[in-house]
2 protein chains.
Amino acid sequence: MENKKTEYDNATKVCRHNIRAIHDTMDVIGGKWKISIISCLCFETMRYSELLKEIEGISGKMLSRELKDLEINGLVMRTVSNTNPISVVYELTEYGETLKDLTLTIANWGNAHREKIISEYN
Amino acid sequence: MENKKTEYDNATKVCRHNIRAIHDTMDVIGGKWKISIISCLCFETMRYSELLKEIEGISGKMLSRELKDLEINGLVMRTVSNTNPISVVYELTEYGETLKDLTLTIANWGNAHREKIISEYN
DNA sequence: CCGCATCCCTTTTGATACTG
DNA sequence: CAGTATCAAAAGGGATGCGG
């Protein structure tokens, strides 16, 4: 009886701990487009205009806003070239690269999910 | 030169593919509270009122709405006991359990992130 | 080329009260 | 206990035009 209760309390504790951790993660990458942006930058540095083309449906306003958030959180680095006209490239910082696994896990589940839906449809 | 271009095109293709996959995942678990709910149910089945207590800040309305979404997508199963008063328990379906890795990855990153922030603060 | 400011509409979320 | 209904507030997001 006592053991059962302890077990339950432990599960509760781990659960709460995880919820807080998930919340922390989502504060950083929870925007509508953030993970997509990070996923793009996993492969190469990209210019603002390239990201705009690559990420279907995003508006310029949202792209700059999300990039700024990511920059503030130290995940993305912004570099301006003083050419004329100027060009701005974005790349993952070392810290941003720690998100590669996470984006891959999310992408993999999405692919599996899509396959499941398609196979159910047939 | 031609190789360089091919390489670039391949990266672009993979990138777009991942963005779509990420979008698919987020359609399913992208709500404000969904991952927290799933994370709770990773440990044990829970009643509506228990989830309400466990997930700090969620309102009853949001909890039922998010649970309904998860149920529709086949991730969560809802079971009603005809006691008096009634009780309703929620649990992950087998398919929902495929999200365990993902929630853990997200929680782990959040924990590492919190530690980073704290250590920077000192 | 990059991206901010403004206006304006849509969606999401919260508070509260109420039902079976 | 487990929700639903209603209203109000807040956040999200698009379009456009301007400035560096």
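Every chain is numbered from 1, with letters handed out A, B, ... down the list of sequences. Keep in mind the model is a prediction, meaning the values are calculated, not measured.
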Can you name the nearest heavy-atom pair linking [X] to [Y], along with the distance?
X	Y	result
B:Leu102	A:Thr105	CA-CG2, 4.0 Å
B:Ile106	A:Thr25	O-OG1, 2.7 Å
A:Thr103	A:Cys42	OG1-SG, 4.0 Å
A:Thr93	A:Gly74	OG1-O, 2.6 Å
B:Ser39	A:Ile22	CB-CD1, 3.5 Å

Quiz item: Just wondering, more than 12 heavy atoms not from A:Glu120 lying within 6.0 Å of its CD?
Solution: yes

Quiz item: How about A:His23: does its NE2 atom have over 12 heavy atoms from other parts shown lying under 6.0 Å from it?
Solution: no

Quiz item: What are the residues of residues 20-39 of chain A, sorted by number, that bring a heavy atom to within less than 4.0 Å of DNA chain D?
Solution: A:Lys32

Quiz item: Heavy-atom contacts under 4.0 Å between residues 83-91 of chain B and DNA chain D, which residues?
Solution: B:Pro85, B:Ile86, B:Ser87, B:Val88, B:Tyr90

Quiz item: Distance from A:Lys34 atom NZ to A:Leu99 atom CG, nearest 0.5 Å?
Solution: 12.0 Å

Quiz item: To the nearest 0.5 Å, how far apart are CE in B:Met46 and CG in B:Leu51?
Solution: 5.0 Å

Exercise. Step by step, work out the side chain to side chain contact (heavy atoms under 4.5 Å, CB included) result for A:Ile37 and A:Ile55.
Key: CA-CA 8 Å; A:Ile37 293 171; A:Ile55 303 174; 3.6 Å; yes

Exercise. Identify the 5'-most and 3'-most nucleotides of DNA chain C with at least one atom closer than 4.0 Å to a non-hydrogen atom of chain A.
Key: C:dC1 to C:dT6

Quiz item: Any side-chain hydrogen bond (donor to acceptor under 3.5 Å, both in side chains) pairs touching residues 70-87 of chain A, not counting sequence neighbours?
Solution: A:Arg78-A:Tyr90

Exercise. Any pair with a residue in residues 40-64 of chain A that passes side-chain hydrogen bond (donor to acceptor under 3.5 Å, both in side chains), sequence neighbours left out, goes on the list, sorted by first then second residue, please.
Key: A:Glu54-B:Arg16

Exercise. Please list, in 5' to 3' order, the outermost nucleotides of DNA chain D lying under 4.0 Å from any heavy atom of chain A.
Key: D:dG13 to D:dA15

Quiz item: Just checking B:Arg65: base, sugar-phosphate only, or nothing, at a heavy-atom cut-off of under 4.0 Å?
Solution: base

